[in-house]
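Note sheet for the following structure.
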Amino acid sequence: MRIHDDWKAVPADARGATVAIGNFDGVHVGHRSVIDLARQSLNAPLGVITFEPHPREYFFPHAAPFRLMNAEARANRLARLGVDHLYQLPFGPDLVSLTPEAYARDVLVGGLGVRHVTVGSDFCFGRERAGTPDTLQELGAKFGFGVTIAPMVGHEGTRVSSTAIREALSAGHPRDAERMLGHWHRIDGEVLHGFKRGRELGFPTANMSMDRLHLPAFGVYAVLVDVLTGPDRGTYKGVANLGIRPMFDGEKPNLESYLFDYSGDLYGQHLSVALVDYLRPEMNFDGLETLITAINDDVARARAILADR
């Protein structure tokens, strides 16, 4: 998959795609239905138009973190879906100021040269969100591109949404989130240097930042870890702690993953950590021996849960 970070300098061989447009936070089953319709609409390269930062981050910069995915995780997921081109447009004053007509003319046609556009039925675009799917169809007829409007997708009688997925994760229900996502909720990013306390306890962990991300329930999870870069690429089973580590003076929230039967060096490599099952909440223990006993129990439970994965 090729990633393009602006609409003003797209190479000629990246034009002419059939595209799905949206924020695609989480790339859940509703998002996938939009992308699948785009794929089916035209015999052309498949593209996705999305935005960085997320528009909500731009308009409400001081709001609590809400994103299910950072840009890296979203790109990784879209690549798995067979997307050819990711147009990751910079969301800022230039884009925000465009009227719906200017957006269609300058960005979709002039910049990206799209041939067909697919959007969800709740899609809005242009200055003050004035454009609707009906507006887009009118502009498509004017500027020469097709438009498909995807219906909403439901799950167990309710609409699938990023909000519902966040609620499931906050409640410690990653399996409910997985059913709405269509895949495990993943946290992607670089392995950072930490305080190496896990190594001192006999459980070396790969530490990853949770900055700007929605925080699932703090606690211990059975996880599947994809090592995306470096000599040890592959999928590993493991157990992870997500939270502030109350035994060690409440540090900034992060994700610490212990990979079973792995002894290499992952610093600086990029991982994708899937939260498979919630084992227990974070807690204080009355000493390191009790903590180590609890970790051993966590490892045993996670191994059992992941045995058939």
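- Residues forming a side-chain contact (heavy atoms from CB on, under 4.5 Å) with S272 (at least two apart in sequence, or on another chain): R80, R186, D188, D226, L228.
- Shown here are the ring-ring contact (aromatic ring centres under 6.0 Å, His included) partners of F123, two or more places apart in sequence or in another chain: F125.
- A 6.0 Å sphere centred on CZ of F143 holds more than 12 heavy atoms belonging to other residues, nucleotides or ligands.
- Distance alone, capped at 3.5 Å, is enough to place a donor-acceptor pair between the T50 side chain and the G22 backbone.
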Take K252 and D211 through the test salt bridge (charged side-chain N to carboxylate O under 4.0 Å, His left out) and record every step on the way to the result. CA-CA 9 Å; K252 190 175 182 180; D211 284 351; 3.0 Å; yes
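- In this structure a side-chain-to-backbone donor-acceptor pair under 3.5 Å is missing from H185 to I165.
- Of the possible donor and acceptor atoms, one in the side chain of H214 sits under 3.5 Å from a partner among the backbone N and O of R166.
- Note that CG of L242 is 6.5 Å distant from CG of L215, once rounded to the nearest 0.5 Å.
- In summary, E72 and R67 do not engage in a salt bridge, as defined by a charged side-chain N under 4.0 Å from a carboxylate O.
- For N43, the CG atom is loosely surrounded, since the number of other residues' heavy atoms within 6.0 Å does not exceed 12.
- Here the side chain of E282 pairs no donor or acceptor atom with the backbone of F218 at under 3.5 angstrom.
- Distance alone, capped at 3.5 Å, is enough to place a donor-acceptor pair between the R15 side chain and the G110 backbone.
- Every residue two or more places apart in sequence or in another chain that forms a ring-ring contact (aromatic ring centres under 6.0 Å, His included) with Y58 is listed here: F91.
- R301 and D298 are not joined by a salt bridge, as no carboxylate oxygen comes within less than 4.0 angstrom of a charged side-chain nitrogen.
- Of the possible donor and acceptor atoms, one in the side chain of K237 sits under 3.5 Å from a partner among the backbone N and O of R309.
- Geometrically, R303 engages F260 in a cation-pi contact defined by less than 6.0 Å to the ring centre and at most 45° from the axis.
- The minimum heavy-atom distance between A302 and G238, with the atom names listed, is CB-O, 3.9 Å.
- Side-chain polar atoms of T293 and T290 form no donor-acceptor pair below 3.5 angstrom.
- Geometric assessment of R74 against the ring of F24 yields a negative cation-pi assignment under the 6.0 Å and 45° thresholds.
- Without hydrogens or angle criteria, T118 side chain to A20 main chain gives no donor-acceptor distance under 3.5 Å.
- Ion pairing between R2 and D84 fails under the 4.0 Å rule for side-chain N and carboxylate O.
- Formation of a donor-acceptor pair under 3.5 Å by the R127 side chain with backbone atoms of S97 is found in this model.
- The aromatic ring centres of H173 and Y278 sit 6.0 Å or more apart.
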